[in-house]
Student: 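Have a look at this one before I ask anything.
Lettering follows sequence order; numbering is per chain, from 1. This structure is a prediction, so every number in the text was calculated from the model and none was measured.
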Amino acid sequence: MLELHFIRANKERVLQGLKIRNFGEQELEIINEILRLDDTRKETQTELDSLLAERNQLSKEIGGLFKQGKKEEAEAMRERVSHLKDRASKLEELLKSTIEALNEELYKVPNIPHESVPAGSAEQDNEVYKPWTGGLPQLAEGALPHWELAQKYNIFDLELGTKITGSGFPVYRGKGARLQRALISFFLDEAVKAGYEEIMPPLLVNEETARATGQLPDKEGQMYTVERDNLYLIPTAEVPLTNIYRDVILEEKDFPIKLTGYTPCFRREAGSYGAHVRGLNRVHQFDKVEIVQFQHPDKSYDTLFEMLAHVEGVLKKLELPFRILRLCGGDLGFTSALTFDFEVYSAAQQRWLEVSSVSNFETYQSNRMKLRFRDGSKATRLAHTLNGSALALARIVAALLENNQTAEGIVIPKALQSYTGFEILD
RNA sequence: GGUGACGUGGGUGAGUGGCUGAAACCACCGGUUUGCUAAACCGGCAUACUCUGAAAGGGGUAUCGCGGGUUCGAAUCCCGCCGUCACCGCCA
């Protein structure tokens, strides 16, 4: 969430930012409401603090009096303190409820977009930051979409997944399963080569963790829940990976911290059905290798572009046509300040599929997480957090299958062959 | 799942109602000394909020796993929860 003192000191900038996110006049009032609540909080706390200071002082004196055997004086003083207590407990209650209300409002405010974020209301307003300049694959007559290729080569089976679990849970088999494993290993190796520490995190997280990275309270519906144990299935490795550094104070020299991890991702994705979500285009469980960085605020945008370059390099090795979008205010994730999406061209469907999302969250997550560092002076500052997919498997597989189909089978890109152990999937 | 023990600052660990935001030691930082290193000695060393100040700084409050309670006063007493460890049971 945003820092209160930041809102206070940069009110205009905050309001401008929210406008980029298409907040109306009415909705912008939340900022005034937050500042009002914070005023109340401060006043209440100041009064309570001085009351408690008085109590502590008197209590000390009482102790002294008892020691000197001045019982009567002590008793008299006791009563005075008892009186303070009523007032104090009332203030305590007020303080507590004010803080609760304040947090509730604060949770509703999204991150302030970076100045480069274009205005816009939805997907179609995203800026093509880097178009694909090469040619697009020309497929032979009778080329198949990946879901038909899946049947032809028996590499994944959605109906079987439905039998076992429900729709959107593919079962990969044979060379299809092998291809998954190959991609995961390949992506992890690439990330490790780029200096990321490999992590294998838990796939279930608790409420506090989900809150810290921003899945709660606003994206509650996206996650599968395990109610009995009050746990959530992760929608992305970002959640456990970022939380590794929750409540941590770093030294400046620790930056950058680079983590990578492979996990399955679980998403309820309540929403549309039809051609756009056929096959692997949108599934409830998919595999993904995530990269996460913690960085000094002055360097986080350099880092963002470094991460962009990493994803780009991996896609090039896979020989897939891709383009990069800069998300507009309307499409930008709630917690992000700047996001670039990578889309891969899926030749048989003739559409671009999102395969990666690389974001800088600045201090939005670190504020919730209390991830700080010392900047040489006494003060602590919030670190910046960033993450990106490198990469999400299901749609990569869809594009790979479609673009590389030949009469002999699916051609595996060179970079992947040592991982798959075969050059043609047939 | 059962039983028992335990949860104090970066670490070890003292502290069983007021003199404890917390001894001591280690680690870390600064200094003195030193041909260099080491040793020795001196000093510093939690976080958040808040008031005050131009600032440097100074004052206050809270925090000894978390939440509640008793008390004029709680790290210390009581209750609940969570966690760790040990043993037993079950198990990939």
Student: Rounding to an integer number of angstrom, what distance separates B:A14 and B:U71 when you compare their C1' atoms?
Tutor: 25 Å
Student: For B:G59 and B:C45, measure between their P atoms and round to the nearest Å.
Tutor: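 Rounded to whole Å, the distance is 13 Å.
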Student: How far does the P atom of B:C66 sit from the matching atom of B:G60, given to the nearest Å?
Tutor: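 Per the computed distance, 24 Å lies between those P atoms.
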Student: Can you tell me, in whole Å, how much space there is between the C1' of B:C26 and that of B:G9?
Tutor: 13 Å
Student: Have a look at A:Ile249 and say if it touches a base, only the backbone sugar-phosphate, or nothing, with a 4.0 Å heavy-atom cut-off.
Tutor: sugar-phosphate
Student: For B:A14, give its Watson-Crick or G-U wobble partner with both distances under 3.5 Å, or none.
Tutor: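 Because no pair has both required distances under 3.5 Å, B:A14 counts as unpaired.
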Student: How would you label the contact of A:Thr46 with the nucleic acid (heavy atoms, under 4.0 Å): base, sugar-phosphate, or nothing?
Tutor: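 Touches sugar-phosphate only.
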Student: My understanding is that a pair needs two contacts under 3.5 Å, Watson-Crick or G-U wobble. By that rule, which nucleotide pairs with B:C49?
Tutor: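 Result: B:G60.
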Student: Can you tell me the distance, in whole Å, between the CD atom of A:Glu92 and the P atom of B:G67?
Tutor: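 Value for this atom pair: 12 Å.
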Student: For A:Glu252, is the CD atom crowded, meaning more than 12 foreign heavy atoms sit under 6.0 Å from it?
Tutor: yes
Student: Taking the six-membered ring for Trp, are the ring centroids of A:Phe255 and A:Phe294 within less than 6.0 Å of each other?
Tutor: no
Student: RNA chain B: A:Asp49 or A:Asp38, which has the more 5' nearest nucleotide?
Tutor: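 Its nearest nucleotide lies further toward 5', so the answer is A:Asp38.
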Student: Rounded to whole Å, how long is the line connecting atom CD of A:Gln45 with atom C1' of B:U61?
Tutor: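 So the CD-C1' distance, A:Gln45 to B:U61, works out to 7 Å.
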Student: Which whole number of Å gives the distance between the P atom of B:G15 and that of B:U76?
Tutor: 15 Å
Student: Quote, to the nearest angstrom, the P distance that separates B:C78 from B:A62.
Tutor: 23 Å
Student: Within the structure, does a side-chain N or O atom of A:Arg41 lie under 4.0 Å from either OP1 or OP2 of B:U50?
Tutor: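 It does, given that an N or O in the side chain of A:Arg41 lies less than 4.0 Å from OP1 or OP2 of B:U50.
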Student: Provide the distance between the two P atoms, one in B:U84 and one in B:A27, to the nearest whole Å.
Tutor: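 Rounded to whole Å, the distance is 31 Å.
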Student: On RNA chain B, check which nucleotide each of A:Arg55 and A:Lys96 is closest to and give me the residue with the more 5' one.
Tutor: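 With A:Arg55 and A:Lys96 compared, the 5'-side residue is A:Arg55.
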Student: Is there a side-chain contact between A:Leu401 and A:Phe156 (heavy atoms, below 4.5 Å)?
Tutor: yes
Student: Mind checking who B:G73 pairs with, Watson-Crick or G-U wobble, both distances under 3.5 Å?
Tutor: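 Answer to the pairing question: none, since B:G73 forms no Watson-Crick or G-U pair.
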Student: Looking at every strand, decide which applies to A:Leu52 at a 4.0 Å heavy-atom threshold: base, sugar-phosphate, or nothing.
Tutor: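 Result for A:Leu52 = sugar-phosphate.
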Student: With a 4.0 Å cutoff (strictly under), does any side-chain N or O of A:Arg374 reach OP1 or OP2 of B:G10?
Tutor: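 Answer is no, no contact under 4.0 Å.
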Student: Let's see if you can work this out: which of B:U71, B:U47, B:U50 has an atom nearest to the side-chain heavy atoms of A:Lys42?
Tutor: B:U50
Student: Please check if the number of heavy atoms outside A:Glu159 that lie under 6.0 Å from its CD is greater than 12.
Tutor: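 No - once you tally the heavy atoms of other residues, nucleotides and ligands closer than 6.0 Å, there are 12 at most.
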Student: By the definition side chain to side chain contact (heavy atoms under 4.5 Å, CB included), identify the one residue from A:Ile324, A:Leu353, A:Val355, A:Leu325 that meets it with A:Glu343.
Tutor: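 It is A:Leu325, the one option of A:Ile324, A:Leu353, A:Val355, A:Leu325 that forms the side chain to side chain contact (heavy atoms under 4.5 Å, CB included) with A:Glu343.
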Student: Is it the case that the ring center of A:Tyr301 lies less than 6.0 angstrom away from the ring center of A:His384?
Tutor: no
Student: Is any side-chain nitrogen or oxygen of A:Asn56 closer than 4.0 Å to OP1 or OP2 of B:U61?
Tutor: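 Yes, because at least one side-chain N or O of A:Asn56 sits under 4.0 Å from OP1 or OP2 of B:U61.
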